[in-house]
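Notes for the one structure printed next.
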Number of protein chains: 2
Amino acid sequence: MTSLDWNPYARNCPTRELLNRIGDRWTVLIIGTLNDGPRRFNEIARAVEGISQKMLTQTLRALERDGLVTRTIYAQIPPKVEYALTDLGVSLREPLKELELWATTHMEQVLAARLRADQAPEQEQ
Amino acid sequence: MTSLDWNPYARNCPTRELLNRIGDRWTVLIIGTLNDGPRRFNEIARAVEGISQKMLTQTLRALERDGLVTRTIYAQIPPKVEYALTDLGVSLREPLKELELWATTHMEQVLAARLRADQAPEQEQ
DNA sequence: CAGTATCCCCAGCGATACTG
DNA sequence: CAGTATCGCTGGGGATACTG
């Protein structure tokens, strides 16, 4: 017990790296749209409300780089590019689904707690 | 099918709100340290490597506001303040654990894919 | 010990314009 | 259609100093 044991909250632990990877505004959402099969660039853009072209490109490139998504170019005019989850990407969907499930079943409680906290008179005893 | 159906990737969907909530640099890590029971402020600070005092306070306040964490002050000198997960917070641990499990079992593949992508000669045909 | 209060920087992101 | 390039802002967050 010299506390040299692995600290899961240390810098560079896998969890932290994953968080760096998916903890941005768009990654999880984009992965979600690819759940039901390959999608074209603009299909994803339409599905993920509010995303800019720049961020969609950037995030897709990062996902491709990390082996979570494939990019397939069809040589035709106008261009057609399809994005699809790799097996690795599909495997990541599982925990993400759990998270979405939690969100749909519990976020209301979170929001309610937030309202209560905001309305509570400043308790200065 | 007027596409007024609920779009899970739209603004203000629960998933998106959860992502806003936990998709920052510290929240998930802090919740993780509270997994095994209540912790004092500086205990958390030590466990979560690299966090600043400001961000720890700020994140804990947000967690408390959202009903995920309780804050208990013991009237003594020097001060002792303990943070603990609420039932709601504990329930969130479940999906987060799945995520951590994925991280420990798959992040190596992600990192390997990244290296491969970076070393690959620019394929310009 | 457990915080507040300030200052300040930079990277994440949006907006816009252009292209094969 | 599916991008690239550039500009510019803003707010997330670090560093530091101070306090009950």
Side-chain angles (χ1 to χ4, degrees), chain A residues 9-12 16-17 19-30 33-34 38-66 69-84 117 122-125, chain B residues 9-12 16-17 19-30 33-34 38-66 69-84 117 122-125:
Chain A
Y9 310 108
R11 305 170 200 268
N12 291 70
R16 206 124 150 191
E17 280 169 8
L19 257 21
N20 285 339
R21 188 58 201 73
I22 69 170
D24 66 280
R25 211 168 149 189
W26 304 114
T27 296
V28 170
L29 266 8
I30 291 175
T33 66
L34 297 178
R39 289 282 180 276
R40 300 179 61 168
F41 185 85
N42 278 333
E43 287 177 339
I44 305 173
R46 276 187 296 272
V48 181
E49 206 176 293
I51 194 171
S52 67
Q53 206 168 32
K54 174 186 166 184
M55 288 315 297
L56 181 52
T57 302
Q58 189 173 304
T59 308
L60 284 169
R61 291 288 184 278
L63 286 169
E64 189 191 4
R65 176 173 176 247
D66 288 349
V69 157
T70 58
R71 178 166 178 262
T72 309
I73 307 175
Y74 295 89
Q76 61 185 51
I77 296 191
K80 174 179 173 181
V81 180
E82 271 192 347
Y83 295 90
E122 297 308 321
Q123 279 281 67
E124 37 203 320
Q125 172 67 333
Chain B
Y9 310 107
R11 306 171 199 269
N12 291 68
R16 206 126 151 190
E17 280 168 8
L19 257 20
N20 285 339
R21 189 58 202 73
I22 69 170
D24 67 279
R25 210 168 149 190
W26 304 114
T27 296
V28 170
L29 266 8
I30 290 175
T33 65
L34 297 178
R39 291 281 179 277
R40 301 178 60 168
F41 185 86
N42 278 333
E43 288 177 337
I44 306 173
R46 275 187 297 271
V48 180
E49 204 176 294
I51 194 171
S52 66
Q53 206 168 32
K54 174 186 167 184
M55 288 315 298
L56 181 52
T57 302
Q58 188 172 304
T59 308
L60 283 170
R61 291 290 184 278
L63 286 170
E64 190 191 5
R65 176 174 176 246
D66 287 350
V69 158
T70 58
R71 177 166 179 262
T72 310
I73 307 174
Y74 295 88
Q76 60 185 50
I77 296 192
K80 174 180 173 181
V81 180
E82 270 190 348
Y83 295 89
E122 296 307 322
Q123 279 282 68
E124 38 201 322
Q125 173 65 331

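Each chain gets a letter, A, B and so on, in the order its sequence line appears, and its residues count up from 1.
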- prompt: Do the non-hydrogen side-chain atoms of A/L19 and B/R25 ever get within less than 4.5 Å of each other?
  reply: no
message: Using heavy-atom distances to pick each residue's nearest nucleotide on DNA chain C, tell me which of A/Q53 and B/E82 is more 5'.
response: B/E82
query: Quick one: are B/L60 and B/F41 in side-chain contact, heavy atoms under 4.5 Å?
result: yes
task: Would you mind reading off the distance between B/K54 atom NZ and C/dA5 atom C1', rounded to a whole angstrom?
output: 10 Å
- prompt: Start at the 5' end of DNA chain D and walk down; is the nucleotide closest to A/K80 or to B/S52 reached first?
  reply: A/K80
query: Mind checking whether A/R21 and A/T27 have side chains closer than 4.5 Å, heavy atoms only?
result: yes
task: Any strand is fair game: report the nucleotide pairing with C/dG20 by Watson-Crick or G-U wobble, both distances under 3.5 Å, or none.
output: D/dC1
task: Identify whether any heavy atom of A/Y74 sits under 4.0 Å from a base atom; if not, whether one sits that close to sugar-phosphate; answer base, sugar-phosphate or nothing.
output: nothing
message: Tell me whether B/R16 contacts the main-chain N or O of B/Y9 through its side chain, where contact means a donor paired with an acceptor under 3.5 Å.
response: yes
message: For a 4.0 angstrom threshold against heavy atoms of chain B, report the outermost contacting nucleotides of DNA chain D in 5' to 3' order.
response: D/dG13 to D/dG20
message: Whole angstroms only, please: what is the CZ-P distance between A/R21 and C/dG12?
response: 12 Å
query: Should A/V48 and A/L56 count as side-chain neighbours, where that means a heavy-atom distance under 4.5 Å?
result: no
- prompt: Any side-chain heavy atom of A/I30 within less than 4.5 Å of one from A/I51?
  reply: yes
